[in-house]
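Written out below as C-alpha cells is the structure these notes cover.
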Amino acid sequence: MMADHGDLCDGQDATFCMNGGTCYRITSMNALSCVCNENYKGSRCEQYQLSSISANAGEAGLIAAMVIVALLIVVMVTVVIYYICKMRKAKQQSQQNNQQQYWRVKPRV
C-alpha cells in the first residue's frame, strides 16, 4: 500500500519510530521516515512536546511574559506599600516620643 510518505516499513524497520510513530520507507531516497503521534516530534518521534492551550507558540510565550510582568508589578507595589506603612509608623512613634518629652517632669536629684 502506497501512502504520501512512502511504503509502510516491515520487519525490523517497523521499530525505527519511537513512541508509537508510524514508520514509512521512502524508496526513492532509500530512507526511513516517521509520522508521529499527537504529542511527539522529531525525526524518530523521540521528543515529547507539551500540549498548549493556544494555537500558536508565540501567543503562549506572550501570555507567559505578561503573567511574569504582572507578578513583578504586584511584588513591587507590595514592597512600596510596606515601606510607606513602616515610615508612617516610625513618624507616629517619633511624634509620640516628642510629645511625651514636653509634658514629662524631670526628677530632682
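Predicted, not measured: the structure shown is a model, and the values here were computed from it. The figures here come from the full heavy-atom set of this structure, side chains too, leaving out hydrogens, waters and symmetry mates.
Side chains of D7 and T27 form a contact here, defined as non-hydrogen atoms less than 4.5 Å apart.
Linking Ile, Leu, Val, Met, Phe, Trp and Tyr residues whenever their side-chain heavy atoms come within less than 4.5 Å places V35 and L8 in a single cluster.
With rounding to the nearest 0.5 angstrom, the NZ atom of K41 is 5.5 Å from the CD atom of Q47. Note that CD of Q92 and CD of Q95 are 7.0 Å apart. Values are rounded to the nearest 0.5 Å.
N30 meets the side-chain hydrogen bond (donor to acceptor under 3.5 Å, both in side chains) test with R25; sequence neighbours excluded. Under the side chain to side chain contact (heavy atoms under 4.5 Å, CB included) criterion, M29 pairs with I26, A31, not counting sequence neighbours. In this structure I68 satisfies the side chain to side chain contact (heavy atoms under 4.5 Å, CB included) test together with L72, sequence neighbours excluded. Residues forming a ring-ring contact (aromatic ring centres under 6.0 Å, His included) with Y40 (at least two apart in sequence, or on another chain): Y48.
Counting side-chain heavy-atom gaps under 4.5 Å among Ile, Leu, Val, Met, Phe, Trp and Tyr, the cluster of I84 also holds V80. Cluster partners of I81 are V69, I73, V77, counting Ile, Leu, Val, Met, Phe, Trp and Tyr whose side-chain heavy atoms approach within less than 4.5 Å, directly or via other members.
Annotation for A14 and C23: closest pair O-CB, 4.2 Å, computed over non-hydrogen atoms. Taking each heavy atom of V74 and T78 in turn, the nearest pair found is O-OG1, 2.7 Å. When all heavy atoms of G42 and C36 are compared, the pair lying nearest together is O-SG, 3.7 Å.
Judged by distance alone, the side chain of N37 and the main-chain N or O of N19 form a donor-acceptor pair under 3.5 Å. The backbone N or O of A90 lies less than 3.5 Å from no partner atom in the side chain of S94, so there is not a single donor-acceptor pair.
Taken together, C45 and C34 fail the criterion of an SG-SG distance shorter than 2.5 Å.
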